[in-house]
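This report concerns only the one structure given below.
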Amino acid sequence: METEAYLVGDPASHAFRGPTERNAAMFGPAGRWYVFRIHQVHCANVVTRRGEAVLLRAATPREGPLGSLRGPGRLARAFGIDRRLDGSSIRTGAVRIVAGVRPTERILSGPRVGISRATERPLRFCLAGVADVSAPRPRPR
DNA sequence: GGTAAGATTGTCT
DNA sequence: GACAATCTTACCG
């Protein structure tokens with residue numbers, strides 16, 4: 001699993017300039033989906049706190065070809081995630097995150113991908129040893 | 001109402 | 001590595 005954090009006061013975050021119709025879910029309660037679309041691609045986020053969210057960048061598929069869930073667009077498409085899911089609960093919505101797993105591997109961090117501001121902040125995270133992460137691969141510190 | 005830009009991806013060089 | 005695809009949101013007038 002590979003994720004990126006978007007925090008309060010983060011100029012790269014959609015929530016940076018305050019609530020709008022698009023990012024309203026980010027200002028709602030935690031545990032909801034925030035789904036946005038860009039270049040005809042959907043990206044799925046989980047709202048962690050008010051004004052903050054975690055982007056799901058990639059995951060290792062339990063079945064199917066390796067790499068089919070690499071990248072926010074592919075991951076969202078594979079799970080059928082679109083704007084209809086925006087604002088719904090990650091526990092009871094159409095697409096659900098069932099259970100957390102206590103990681104047995106080291107968590108690596110690195111620069112986020114595809115943004116033009118605050119690119120130096122190491123807010124991208126993934127487990128050491130997983131194959132499906134975007135380049136450049138985060139490194140241990 | 002018009003326009004510029006984007007948390008991406010795939011294709012071409 | 002660079003760029004086009006293609007459309008929604010944001011921002012300005």
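Treat the numbers as computed from the prediction; the structure is a model and nothing was measured. Keep in mind that the numbers below use all heavy atoms, side chains included, and drop hydrogens, waters and symmetry copies. Just so it is clear: chains get the letters A, B, ... in the order the sequence lines come, proteins before strands, and each one is counted from 1.
- Side-chain atoms of A:Thr20 lie closest to C:dA10 of the nucleotides C:dA5, C:dA10, B:dA7.
- Among B:dG10, C:dA10, B:dG6, the nucleotide with an atom closest to any side-chain atom of A:Arg22 is C:dA10.
- Rounding to whole angstrom units, CZ of residue A:Arg117 and C1' of B:dA7 are separated by 11 Å.
- In this structure, CG of A:Asp82 is placed 15 Å from P of C:dC7, rounded to the nearest angstrom.
- Regarding contacts with the backbone of B:dG10, a side-chain N or O of A:Arg74 is found under 4.0 angstrom from either OP1 or OP2.
- The shortest distance between side-chain heavy atoms of A:Arg57 and A:Ser134 falls below 4.5 Å.
- Atom-to-atom distance recorded for A:Ile107:CD1 and A:Phe125:CZ is 8.5 Å, nearest 0.5 angstrom.
- Residues A:Glu4 and A:Val113 form a side-chain contact, since some pair of their non-hydrogen atoms from C-beta on lies under 4.5 Å apart.
- A 3.5 Å limit on both hydrogen-bonding distances identifies C:dA10 as the Watson-Crick or G-U partner of B:dT3.
- Following rounding to the nearest Å, A:Phe16 (CZ) and C:dC11 (P) show an atom-to-atom distance of 12 Å.
- In this structure, the side chain of A:Arg37 does not engage the main chain of A:Arg83 through any donor-acceptor pair within 3.5 Å.
- Separating the OH atom of A:Tyr34 from the C1' atom of B:dA7 is a distance of 9 Å, rounded to the nearest angstrom.
- B:dA7 has its base stacked against the ring of A:Tyr6, the centroids being under 5.5 angstrom apart at an interplanar angle below 30°.
- Note on A:Arg77: every side-chain N or O is 4.0 Å or more away from OP1 and OP2 of B:dT9.
- If you take CZ of A:Arg70 and P of B:dT8, they are 15 Å apart, rounded to a whole angstrom.
- Phosphate proximity of B:dG6 to A:His39: absent, as no side-chain N or O sits under 4.0 Å from OP1 or OP2.
- Backbone-only engagement by A:Ile115 is indicated by non-hydrogen atom pairs under 4.0 Å involving sugar-phosphate atoms exclusively.
- Atom NE2 of A:His14 is separated from atom C1' of B:dG6 by 7 Å (rounded to the nearest Å).
- Rounded to whole angstrom, the span from the CZ atom of A:Arg84 across to the P atom of C:dT8 amounts to 15 Å.
- With the nearest nucleotide of DNA chain C identified for both A:Asn23 and A:Arg37, A:Arg37 has the one nearer the 5' end.
- Rounded to whole angstrom, the span from the CZ atom of A:Arg17 across to the C1' atom of B:dA4 amounts to 14 Å.
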Inset, instruction - Applying salt bridge (Lys or Arg N to Asp or Glu O under 4.0 Å), run through A:Arg74 and A:Asp132 and close with a yes or a no. - result: CA-CA 12 Å; A:Arg74 273 188 289 255; A:Asp132 270 319; over 6 Å; no
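- As judged by a 4.0 angstrom heavy-atom cut-off over every strand, A:Arg112 is placed among residues making no nucleic acid contact.
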